[in-house]
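This report concerns only the one structure given below.
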Number of protein chains: 2
Amino acid sequence: MPYGCGVTKTSPATDHLRPAGRATRAAIEEAARTLFSTRGFEGASVRAIAAEAGVDPALVIRHFGSKEALFLRTVDTSLGIGSVLEGPVETVGRRLVAYFVDAERPAVRQRFVALAQAAHRDQVREEMVRHTAETYVAPLAPRLTGADRELRAALAVAQLAGLLNLLYVQEDPIITAADPATVVALYGDAIQGLLTPEAAG
Amino acid sequence: MPYGCGVTKTSPATDHLRPAGRATRAAIEEAARTLFSTRGFEGASVRAIAAEAGVDPALVIRHFGSKEALFLRTVDTSLGIGSVLEGPVETVGRRLVAYFVDAERPAVRQRFVALAQAAHRDQVREEMVRHTAETYVAPLAPRLTGADRELRAALAVAQLAGLLNLLYVQEDPIITAADPATVVALYGDAIQGLLTPEAAG
DNA sequence: GGGCTGAGTCAACGGCGTTGACGGTGTGAG
DNA sequence: CTCACACCGTCAACGCCGTTGACTCAGCCC
């Protein structure tokens, strides 16, 4: 479920809005981005987002339909993985892990945690599935060889999601305390073994 | 985060309770088990659990302290993995995956989903971490050879958690539709590669 | 100028987890 | 035997939540 490689969100049809409407809409979106990141999906209430944006809570719903819809429009499911996937397939395992284990990416961590927290909402779950298929499996599978390419790509995503879960959500002490380079080598190769069995170290 | 191999829950100190108290306590626990399983942590309200048990909502809190505490006492974090872990380490990867991919274990799926939904609560998260360390890493690590045994065991848990996440929570269509035997072979070997690199197929 | 549509306000709904004040009731000590 | 006390349960309410509907007001087009 890592969700990387995102396209810029296509805010649909704000043309019919008047300038005032577009401005408050943007204010709400920014407040939502901030609060969803810092407090998570459950911790960020519609009322708090409205207050942060200096706006009536009802207006938030009026503009975006529901908290879930606001979340989906606001928190980018992308975690910025595009460039990592573009490199050589033979070493993508370690590069993926290295990207996420890097401590200098708090925003990525925040977004993943928020996403994991909201995963039980139907629309969010659907978006996550769609995203996995579109930005992970689709670009990866054609570059693999052998049988079950799509399945192997999907299982590699599962591996990655599991690491991020223990690392970001559970904050597992063993993995957290471990030497990042070791984690990259061990887990990266485990992922690599699924993608290119013949090239795995 | 798979949480298996559980000991029977040690309900602490119900001796001081009168028969009536113990009975309604048991009724609440059973109702909670049912509703948490079928509706998840967020979907099962304290009020609904109380109604199912034929009891006042306030009584639920009075007996268990909070919804989160009731959840922890009620939903067994164990997923029944003990026997799987006891077998030979050289093939534990495939056996673990086979256990969870088996469609005939709906209760395990339900419990995992409920757990994942409640993972953002502090006490639940702590319990999950504790459980990972106690029932996965502790029995597994000493039976491994080579460097970083604890870390490798923890990373194997991460792999498993990732699979269950995509399989149970996200219901990823690719993995769901795939031949279970293939998933067992591919993912089982990926886990095995982390545990016993020399024995991996 | 008059209708229409977008923008914003306000009060309220039903639900949530939780609390506190308040009656009964069974048990053990005097 | 009685009386105090801890347990058991009830009830109404608190403050929060996401969401809705009725309403006002301003700007645009015909």
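Protein chains get the first letters and strands the later ones, always in sequence-line order, with residue 1 at the start of each.
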Legend entry - Intermediate values then yes/no, side chain to side chain contact (heavy atoms under 4.5 Å, CB included), A:I28 and A:R25: CA-CA 5 Å; A:I28 294 173; A:R25 217 185 142 93; 5.8 Å; no
Inset, instruction - Nearest whole angstrom, please: distance from the P of C:dG17 to the CZ of B:F71. - result: 13 Å
Inset, instruction - Look at the side chain of B:H63 and decide which nucleotide, out of D:dA13, D:dT19, D:dC8, has an atom nearest to it. - result: D:dC8
Inset, instruction - Please state how far atom CZ in B:F41 lies from atom C1' in C:dC16, giving the value in whole angstrom units. - result: 12 Å
Inset, instruction - Report yes if a side-chain nitrogen or oxygen of A:S45 is closer than 4.0 Å to either non-bridging phosphate oxygen (OP1 or OP2) of D:dC16; otherwise report no. - result: no
Legend entry - Euclidean distance, atom CZ of residue B:R22 to atom P of C:dT27 [Å, nearest integer]: 12 Å
Legend entry - Minimum-distance nucleotide to A:I61 side chain [options: C:dT9, D:dA12, D:dT20]: D:dT20
Inset, instruction - Look at the side chain of B:R47 and the base of C:dG15, then say whether one donor and one acceptor between them are separated by less than 3.5 Å. - result: no
Inset, instruction - For the pair A:F36 and A:F41, name the ring-plane relationship: parallel under 30°, tilted 30 to 60°, perpendicular over 60°. - result: parallel
Inset, instruction - Check whether any side-chain nitrogen or oxygen of B:S66 sits under 4.0 Å from OP1 or OP2 of C:dG17, and answer yes or no. - result: no
Inset, instruction - Write down the distance between CD (B:E68) and P (C:dT18), rounded to a whole number of angstrom. - result: 9 Å
Inset, instruction - Looking only at side-chain atoms of A:T24, point me to the closest of C:dG8, C:dT18, C:dC10. - result: C:dG8
Inset, instruction - Please report, rounded to the nearest Å, how far the P atom of C:dG15 is from the CD atom of B:E42. - result: 18 Å
Legend entry - Electrostatic pair A:E30:A:R33 at N-O distance under 4.0 angstrom: no
Legend entry - Spacing of B:I49 atom CD1 relative to C:dT18 atom C1', expressed in whole Å: 14 Å
Inset, instruction - List the steps, then state whether side chain to side chain contact (heavy atoms under 4.5 Å, CB included) holds for B:E127 with B:R130. - result: CA-CA 5 Å; B:E127 163 66 16; B:R130 195 195 59 74; 3.0 Å; yes
Inset, instruction - Can you tell me the distance, in whole Å, between the CG atom of A:L59 and the C1' atom of D:dC25? - result: 14 Å
Inset, instruction - Select from A:P57 and A:R62 the residue whose nearest nucleotide in DNA chain D is closer to the 5' end of that strand. - result: A:P57
Inset, instruction - Let me see the working for B:R105 and B:F100 under side chain to side chain contact (heavy atoms under 4.5 Å, CB included), right down to the final yes or no. - result: CA-CA 8 Å; B:R105 275 188 244 279; B:F100 286 110; over 6 Å; no
Legend entry - Interatomic distance where CG belongs to B:D56 and C1' belongs to C:dA21 [whole Å]: 14 Å
